Participant: 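Next up is a structure, given as structure tokens.
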Amino acid sequence: MPSRTDGPRKTFLVTQALPYANGDIHLGHLLEAVQSDVFVRFQKQAGNTALFVCADDTHGTPIELAAIKRGVTPRELIAETWHHHVRDYASFGIGFDIFYTTDSDENRRYAEFIYRKLREQGLVVEREIEQYFDEREQRFLPDRFVKGTCPRCGAEDQYGDVCEACGATYNPTELTSPKSALSGTTPVLKKSTHFFVQLSKCEQFLRDYLGGTGVLEQEMRNFVGRWIEDGLEDWCISRDGPYFGFKIPDTENKYFYVWLDAPIGYLSSTAKWCAGHGCDVADYWGKDSDAELVHFIGKDIVYFHALFWPVMLNAAGFKLPSRIFVHGFLTVEGEKMSKTRGTFILARDFVRIVNHPQACDYLRFYFAAKLTSNASDIDLNIHEFCTRVNTTLVNNVGNLHHRTFVFIDRYFGSIIPDAAWDAGLAAETAAAAEAIAECYGRGEYKEAIEKVHALANRGNKYYQDSAPWALIKNDPSKAAEVMVTCANVVKALAVFLKPVVPNIAAVVEEQMQRTFSWGDCAFSLRNIPMGPTKKLVQPIMAEHFAGLLGTAADAGNAAKDDGMIDVDDFSRIDLRIGTIEQAEPVPKSNKLLKLIVNEGARKRQIVAGIAQHYTPESLVGRQIVFVANLKPAVLMGQKSEGMLLAAQHGGALSIIGPDTPVSAGAKIS
């Protein structure tokens with residue numbers, strides 16, 4: 001779904017899956033929130049209209065159970081949860097235009113309207129089924145009100161819909177040794193009449209809708225297509241009362257199943273926003289609306305959004321989703337999110353524990369740097385988090401910003417010089433802008449971040465190759481050109497990163513005294529005073545995350561492998577012998593040395609923090625051990641293509657090397 005930043009403007013209605021109101025926001029929720037928020041921010045920055053709606057999913061059995069355990073009413077529970085959710089999303093800059101609730105008059109009216117339309121079209125049938133009944137409590141038991149032994153793995157004390165031990169799904173009647181979660185008694189089977197939507201009657205509609213329209217990415221389209229090929233089952237949309245939800249019209253004690261009214265929350269939240277802004281909901285949801293309806297969801301709820309939801313909308317004459325972006329699950333340190341392993345991280349705990357002022361923006365950046373349009377799982381790894389953030393934001397973008405504006409402050413009185421910029425770099429930036437905009441529009445954020453990184457690399461190389469510190473002495477006009485060019489590159493980088501890290505971009509906006517639209521990526525700064533130069537980004541280290549992963553995780557990992565690695569882990573590290581041929585200080589750094597290392601087949605540059613322990617002259621000719629397959633990084637504007645090994649003892653540092661001469665490039669194993 002590429003989005004043009006010129007020409008006719010577009011209108012988008014963007015949603016993310018509604019968080020359930022029986023718990024706080026965790027990092028899995030935030031992965032999706034960041035994915036949708038970046039899309040919305042980009043569209044708004046590009047001059048398009050984008051309405052971002054969400055709500056709490058508030059009905060169903062788990063809400064009732066949670067309220068019972070807390071000793072409060074369901075409405076008291078969901079009211080408290082709503083405030084928590086609003087707080088947590090705001091901490092990470094998730095910019096909803098409205099965050100509403102499905103327990104609303106608007107949602108009830110739309111649920112009843114869609115239900116009537118489904119009936120009018122002959123899609124609803126009544127059928128008698130058997131389900132568990134608690135004779136002591138005198139009520140039918142929905143799936144979560146029944147607990148027993150999993151019929152697949154034998155785990156005890158599992159709910160009647162899904163096993164938390166093995167992940168299997170099943171009907172409550174398949175449980176072994178079932179018990180009522182309310183009374184603890186053994187329930188009996190009793191017949192009850194329920195309402196079903198006949199999805200099989202909608203097979204051709206779904207084939208036409210999903211086939212070749214770009215609604216789903218190809219792999220996910222094939223996945224959904226297999227469900228259609230296997231035959232669509234009727235969908236039960238009713239539950240027996242008492243049930244926390246909306247009563248079905250013209251029934252005595254039947255209620256809408258939560259999955260009927262939950263997605264309607266997208267529609268009712270839009271209606272609520274429109275009522276407060278003088279708009280017509282049909283401008284977004286009308287069948288002939290020009291708006292593009294975009295959903296962001298996890299792969300675990302594709303069935304509901306790709307099959308049930310389109311059938312509901314089509315029956316009621318509403319617009320169908322234009323695109324459904326589906327993401328994978330979030331794992332933490334390679335593990336499924338788990339409370340017992342300490343990898344189930346709440347948003348509020350991330351804010352409270354990670355001891356870094358830019359941690360929330362950095363999490364947005366980390367997620368964006370891994371998100372694509374496919375549904376692959378994404379892992380949160382603390383070491384990788386620090387490396388990605390420091391490599392791109394700190395050592396690359398932040399470094400170019402700092403060196404550029406400190407130089408302008410010092411030599412040009414904090415005024416961007418009145419000089420021409422480098423036309424070639426201006427053209428490269430314009431080309432990058434078009435490519436990055438397309439990436440954002442297609443949901444390919446990883447690719448967008450890679451292109452931003454490449455442009456920042458290009459800016460740092462231009463700065464370093466131009467050597468303005470020398471030009472200012474003998475060719476001030478050329479130094480002015482370099483500064484004008486670099487200042488405009490920094491502005492463009494801030495524009496490109498604004499959808500992902502808005503707070504960091506805001507620092508540059510404040511300095512340049514403007515609010516960036518997408519068009520501001522074009523070179524335009526010349527003869528303009530700048531505000532104070534502030535530190536754009538601060539490095540983040542693993543110690544900033546101390547305590548984030550619970551003690552249960554630490555204990556579990558220790559019990560599993562005692563901190564040891566296996567041969568496969570070690571074999572991934574390519575250690576080699578190299579000979580230092582050149583060594584020199586890195587300008588403006590009292591810690592870094594730039595080394596040219598001969599590894600036999602080629603030479604590589606390594607930047608090492610050893611200047612306080614070794615002079616450049618003492619290193620030439622010395623053999624070292626270095627990591628050859630480390631991803632390149634930029635340190636103080638210098639590309640580093642590896643890492644030498646050294647041992648620290650007391651305050652001293654000793655470089656590791658062979659005790660007798662070895663051929664350069666020899667592999668250590």
Side-chain angles (χ1 to χ4, degrees), residues 1 3-19 32-33 35-58 82 85-86 89-90 93-117 215 246 260-297 305 309-310 312-325 440-441 498-499 502 515 517-519:
M1 185 181 291
S3 299
R4 297 184 57 181
T5 56
D6 57 358
R9 299 308 180 197
K10 296 183 177 181
T11 298
F12 293 89
L13 187 286
V14 182
T15 77
Q16 68 166 59
L18 311 186
E32 181 173 293
Q35 187 182 31
S36 49
D37 187 69
V38 168
F39 184 87
V40 170
R41 287 180 181 272
F42 165 70
Q43 298 299 346
K44 290 182 176 180
Q45 196 177 339
N48 296 319
T49 297
L51 181 62
F52 189 13
V53 305
C54 194
D56 269 342
D57 179 5
T58 58
W82 184 89
H85 287 182
V86 169
Y89 281 129
I94 308 303
F96 300 119
D97 290 291
I98 181 172
F99 188 82
Y100 200 36
T101 174
T102 59
D103 191 45
S104 68
D105 289 339
E106 294 91 347
N107 211 48
R108 177 183 53 77
R109 288 196 299 269
Y110 278 114
E112 292 175 355
F113 174 77
I114 290 174
Y115 168 72
R116 285 195 297 269
K117 291 298 182 182
V215 174
F246 296 134
L260 181 126
D261 76 76
I264 295 173
Y266 303 141
L267 174 56
S268 59
S269 297
T270 307
K272 177 68 173 179
W273 184 89
C274 287
H277 291 80
C279 301
D280 187 343
V281 70
D283 293 340
Y284 295 97
W285 289 93
K287 203 171 187 66
D288 298 323
S289 167
D290 292 331
E292 296 188 30
L293 173 56
V294 182
H295 292 315
F296 288 88
I297 61 169
H305 285 78
W309 182 227
M312 292 164 60
L313 290 172
N314 188 60
F318 289 116
K319 187 177 184 66
L320 300 176
S322 310
R323 178 68 192 263
I324 303 174
F325 285 101
Y440 279 136
K498 185 175 178 179
T515 300
S517 67
W518 193 261

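As the structure is a computational prediction, the values presented were derived from the model and not from experiment.
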Participant: To the nearest 0.5 Å, how far apart are NE2 in H85 and CG in L18?
Facilitator: 11.0 Å

Participant: Say whether, by atom type as modelled, one donor and one acceptor occur between the side chain of D97 and the main chain of F52 under 3.5 angstrom.
Facilitator: yes

Participant: Do Q16 and Y89 have a side chain donor and acceptor closer than 3.5 Å?
Facilitator: yes

Participant: Quick check: does any side chain N or O of R9 sit under 3.5 Å from a backbone N or O of A46, one acting as donor and the other as acceptor?
Facilitator: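 It does hold such a pair.
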
Participant: Looking at A17 and I297, what are the two nearest heavy atoms and their distance?
Facilitator: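 That would be CB-CG2, 4.4 Å.
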
Participant: Restricting to non-hydrogen atoms, name the atom on A55 and the atom on T101 that form the minimum distance, rounded to 0.1 Å.
Facilitator: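 Result for this residue pair: CB-N, 3.6 Å.
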
Participant: Evaluate Y115 against F246 for side chain to side chain contact (heavy atoms under 4.5 Å, CB included), listing each step before the verdict.
Facilitator: CA-CA 12 Å; Y115 168 72; F246 296 134; over 6 Å; no

Participant: In Å and rounded to the nearest 0.5 Å, what is the CZ to CZ distance from R323 to F296?
Facilitator: 8.0 Å

Participant: How far does CD of Q43 sit from CH2 of W518, to the nearest 0.5 angstrom?
Facilitator: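 One gets 10.5 Å once the value is rounded to the nearest 0.5 Å.
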
Participant: Evaluate the side chain to side chain contact (heavy atoms under 4.5 Å, CB included) criterion for residues L320 and W309: first the C-alpha distance (whole Å), next the side-chain angles of each, then the deciding distance (0.1 Å), finally the verdict.
Facilitator: CA-CA 9 Å; L320 300 176; W309 182 227; over 6 Å; no

Participant: Nearest heavy-atom pair of G95 and R41: which atoms, and what distance?
Facilitator: N-NH2, 4.2 Å

Participant: Evaluate the side-chain proximity of V40 to F96: yes if any heavy-atom separation is below 4.5 Å, no if none is.
Facilitator: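 F96 does not reach V40 side chain to side chain.
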
Participant: Is there a side chain to side chain contact (heavy atoms under 4.5 Å, CB included) between F325 and V294? Walk through the geometry before answering.
Facilitator: CA-CA 8 Å; F325 285 101; V294 182; 3.6 Å; yes

Participant: Please find the pair of heavy atoms, one from K319 and one from L313, that lie closest to each other, and give the distance.
Facilitator: O-CD1, 3.4 Å

Participant: How far does OG1 of T49 sit from CZ of F12, to the nearest 0.5 angstrom?
Facilitator: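 Rounded to the nearest 0.5 Å, the OG1-CZ separation comes out at 9.5 Å.
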
Participant: Atom CD1 of I324 and atom OG1 of T15: how far apart are they, to the nearest 0.5 Å?
Facilitator: 9.0 Å

Participant: Can you see which heavy atom on I114 is nearest to which on A316, and at what distance?
Facilitator: CG1-CB, 3.8 Å

Participant: Which atom pair, heavy atoms only, marks the closest approach of P19 to C54?
Facilitator: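 Heavy atoms of P19 and C54 come nearest at CD-SG, 3.9 Å.
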
Participant: List the atom pairs, donor and acceptor, that lie under 3.5 Å between side-chain atoms in residues 262-282 and the rest of the protein, sequence neighbours left out.
Facilitator:
residue	atom	partner	partner atom	Å
Y266	OH	H305	NE2	2.8
S268	OG	N107	OD1	2.7
S268	OG	I264	O	3.4
S268	OG	G265	O	3.4
S269	OG	G265	O	2.7
T270	OG1	Y266	O	2.7
T270	OG1	W285	NE1	3.0
W273	NE1	H277	ND1	3.4
H277	ND1	W273	O	2.8
D280	OD1	A282	N	2.9

Participant: Pair D56, F99 - check side chain to side chain contact (heavy atoms under 4.5 Å, CB included), show working.
Facilitator: CA-CA 8 Å; D56 269 342; F99 188 82; 3.3 Å; yes

Participant: How long is the span from the CG atom in L51 to the NZ atom in K44, to the nearest 0.5 Å?
Facilitator: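 That separation rounds to 7.5 Å.
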
